[in-house]
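Only one structure is covered here, and it is reproduced in the block below.
One is the number of the first residue; the rest follow in order along the sequence.
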Amino acid sequence: MLIEQSDALHRRVPADELPEELLVLRVWCGSSLHDLAELPRAVQLLEATLADCARVLGPDHPHTLACRTSLAHAYREAGDLGRAIPLYEATLADCERMLGTDHRDTLLSRNNLSGAYHAAGDWRRALALLEATLPDLERALGLNHPEVLAARDNLALGYQEAGNLSAAIRLFKAALAGREHELGPDHPSTLASRTGLAGARQAAGDLDRAIRLFEATLGDYERVLGPDHPDTLICRTSLANAYQAAGDLDQAVPLHERTLAERERLLGPDHPLALASRTYLANACQVAGDLDRAVPLLEAALLGFERVLGADHPDTLTCRSGLAIALEEAGDLKRAMLLLKAAVSDHERVLGPDHPSTLASRSTLADAYQKAGNLGRAIPLHEATLTDRERVLGPDHPDTLASRAYLANAYQEAGDLSRAVALYTTTVGDCERVLGSDHPTTRVVRRNLVVLASEAAHRRARWRR
């Protein structure tokens with residue numbers, strides 16, 4: 001009602017007489033549409049309001065800068081990073097020019113820009129900006145200011161996704177300790193830090209501690225915010241994913257079902273979070289071997305993503321790849337291969353050839369070629385993906401280590417045991433150094449090396465006879 005009323009008022013007031021209060025209200029309305037995932041309406045309203053603010057208030061007015069930031073958020077959520085990043089960069093430059101490098105709004109603008117760089121797959125620039133911003137925030141606001149603690153959480157998440165899990169866990173612990181001290185153990189921000197720490201422990205392969213922390217945090221969320229709060233549902237999803245990673249599908253599937261039902265009831269079946277829950281449930285069903293249920297769930301989710309976010313949104317591309325993998329496992333190789341090839345092409349066109357999601361889609365296509373017995377295509381694609389991951393993510397990133405293991409497995413299937421053994425041997429050492437000797441990936445690679453070494457020894461013995 002408020003959005004409709006503000007639109008009606010905006011139509012009646014002459015363009016050059018728009019009051020400041022109405023412009024502020026329209027920025028709020030655009031942000032609210034963003035929160036409701038009505039992204040086309042949000043973008044349209046915020047674009048028009050930004051033009052009004054610049055004309056009536058001037059390009060450097062704080063409300064103009066706030067509107068530009070809200071529009072950048074909407075672009076980013078809509079997957080239009082080509083428009084979002086220049087807006088974030090322009091806002092940061094204006095804040096630095098008008099307010100100084102240490103002003104709170106400048107530092108927050110820097111934080112926003114780092115998030116956009118991260119979404120674009122430019123992890124190095126994102127981390128560099130976060131690492132530079134955190135000391136400035138600490139100096140300007142104090143070590144335990146809420147926004148400093150939030151920045152510490154963001155940097156921890158950046159380290160986690162860059163593969164530096166020890167630094168991520170250390171920083172999550174620091175943020176959690178600060179929030180417990182400053183805000184109390186039940187504050188939503190404290191619970192968010194606890195969820196982040198649990199996620200980092202899961203990424204590091206410490207599933208038992210991660211699950212216990214997720215379980216305790218979910219209980220706190222339900223007690224403090226209620227069982228239907230969006231943050232509660234996020235934590236419940238994380239716990240279900242941790243159960244799934246631990247192989248406990250009897251707990252994971254019902255938890256995903258409950259979260260999906262509640263998101264559809266609260267947000268509607270086409271909200272992106274509801275669609276995400278559908279993909280999580282489908283993936284759990286797929287792992288459980290229930291492909292008859294998983295494939296229709298993914299097909300419905302893909303249609304929803306295409307309808308709500310568009311065919312080229314990153315979430316749509318991810319869902320399309322997930323459907324292709326499920327179809328491959330269900331035996332529909334022709335359809336799966338068509339989808340996977342299209343997914344690689346779409347990722348390269350929309351996100352660029354070096355985006356981590358593009359590299360993941362290329363790895364999935366290589367794996368599909370390998371499963372189809374087409375090693376002539378699989379091995380060069382695995383080799384190219386490994387080279388790109390080493391260049392983009394670094395030699396020690398978990399995805400790079402996984403690519404090395406995939407390539408070793410492909411060499412093994414091709415009968416090139418010497419190259420397979422050599423690659424598995426170096427990968428085991430790297431996994432133990434980076435992830436730890438008990439990480440699931442380390443254990444799998446070590447087991448594969450033992451089996452392969454035994455096979456190679458058996459072949460040599462037969463050759464000698």
Side-chain angles (χ1 to χ4, degrees), residues 1-92 94-95 98-99 104-106 108-109 111-113 115-116 119 147 150 188 225 228-231 233-234 263-276 304-305 307-310 313-315:
M1 287 175 62
L2 190 55
I3 292 170
E4 293 172 1
Q5 290 169 6
S6 69
D7 284 342
L9 185 58
H10 182 267
R11 288 192 295 269
R12 289 176 175 270
V13 177
D16 292 332
E17 298 178 13
L18 291 169
E20 182 177 323
E21 293 82 1
L22 178 58
L23 295 174
V24 172
L25 175 60
R26 284 172 67 75
V27 173
W28 181 88
C29 289
S31 298
S32 297
L33 287 169
H34 170 209
D35 293 341
L36 293 167
E38 295 191 33
L39 298 175
R41 287 182 67 195
V43 167
Q44 183 180 19
L45 177 56
L46 288 168
E47 285 177 337
T49 306
L50 178 58
D52 289 338
C53 286
R55 186 184 66 257
V56 175
L57 303 176
D60 292 341
H61 192 281
H63 293 327
T64 305
L65 299 182
C67 185
R68 195 188 299 157
T69 298
S70 295
L71 177 57
H73 290 335
Y75 281 146
R76 176 182 168 184
E77 192 72 18
D80 193 348
L81 293 168
R83 285 176 150 181
I85 288 176
L87 274 186
Y88 282 128
E89 290 174 333
T91 303
L92 174 58
D94 288 341
C95 285
M98 293 184 296
L99 304 174
R104 172 184 174 276
D105 290 347
T106 303
L108 293 179
S109 288
N111 192 58
N112 289 333
L113 178 58
E147 285 167 1
L225 299 179
D228 292 342
H229 191 278
D231 292 348
L233 300 183
I234 289 173
R263 278 181 166 166
E264 288 182 333
R265 175 176 58 83
L266 294 166
L267 304 173
D270 280 346
H271 192 282
L273 288 175
L275 297 173
F305 277 124
R307 183 171 59 252
V308 174
L309 299 178
H313 192 279
D315 292 350

Just verifying a value: how many Å separate [X] [atom1] and [Y] [atom2], rounded to the nearest 0.5 Å?
| X | Y | atom1 | atom2 | value |
| --- | --- | --- | --- | --- |
| Tyr75 | Asp80 | OH | CG | 7.0 Å |
| Asp52 | Leu22 | CG | CG | 8.5 Å |
| Ser6 | Met1 | OG | CE | 12.0 Å |
| Leu9 | Arg26 | CG | CZ | 9.0 Å |
| His63 | Leu57 | NE2 | CG | 6.5 Å |
| Leu266 | Leu233 | CG | CG | 6.5 Å |

Side chains of [X] and [Y], heavy atoms from C-beta outward: is any pair under 4.5 Å?
| X | Y | result |
| --- | --- | --- |
| Thr49 | Leu71 | no |
| His73 | Leu46 | no |
| Pro230 | Leu273 | no |
| Ile3 | Arg41 | yes |

Could you report the tightest heavy-atom contact between [X] and [Y], atom names first, then the distance?
| X | Y | answer |
| --- | --- | --- |
| Ala74 | Val43 | CB-CG2, 3.9 Å |
| Arg76 | Ala84 | N-CB, 3.7 Å |
| Leu309 | Pro272 | CD2-CG, 4.1 Å |
| Tyr88 | Leu113 | CB-CD1, 3.7 Å |
| Val308 | Asp270 | CG2-O, 3.2 Å |
| Gly268 | Ala274 | O-CB, 3.5 Å |

Which pairs would a plain distance check flag for residues 28-35, meaning a side-chain donor or acceptor within less than 3.5 Å of a matching protein atom at least two apart in sequence or in another chain?
unit_1	atom_1	unit_2	atom_2	d
Ser31	OG	Val27	O	3.2
Ser31	OG	Ser70	OG	3.3
Ser32	OG	Trp28	O	2.9

With sequence neighbours excluded, what pairs up with Gln5 under the side chain to side chain donor-acceptor pair (under 3.5 Å) test?
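Checked Gln5 against side chain to side chain donor-acceptor pair (under 3.5 Å); zero matches.
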
Any pair with a residue in residues 15-24 that passes salt bridge (Lys or Arg N to Asp or Glu O under 4.0 Å), sequence neighbours left out, goes on the list, sorted by first then second residue, please.
Asp16-Arg55

Report the C-alpha distance between Met98 and Leu65 in whole Å, list the side-chain angles of each, state the deciding distance to 0.1 Å, and finish with yes or no for side chain to side chain contact (heavy atoms under 4.5 Å, CB included).
CA-CA 11 Å; Met98 293 184 296; Leu65 299 182; 3.3 Å; yes

Decide side chain to side chain contact (heavy atoms under 4.5 Å, CB included) for Asp94 and Arg68; before the verdict, give the C-alpha distance in whole Å, the side-chain angles of both, and the deciding distance to 0.1 Å.
CA-CA 11 Å; Asp94 288 341; Arg68 195 188 299 157; 2.7 Å; yes

Quick one: does Thr64's side chain have a donor or acceptor within less than 3.5 Å of a partner on Gly58's backbone?
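Answer holds: yes.
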
Dump the intermediate steps for side chain to side chain contact (heavy atoms under 4.5 Å, CB included) on Asp228 and Arg265, then the final yes or no.
CA-CA 10 Å; Asp228 292 342; Arg265 175 176 58 83; 3.0 Å; yes

By the definition side-chain contact (heavy atoms from CB on, under 4.5 Å), identify the one residue from Leu23, Leu50, Val24 that meets it with Cys67.
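Per the side-chain contact (heavy atoms from CB on, under 4.5 Å) rule, the option paired with Cys67 is Leu50, out of Leu23, Leu50, Val24.
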
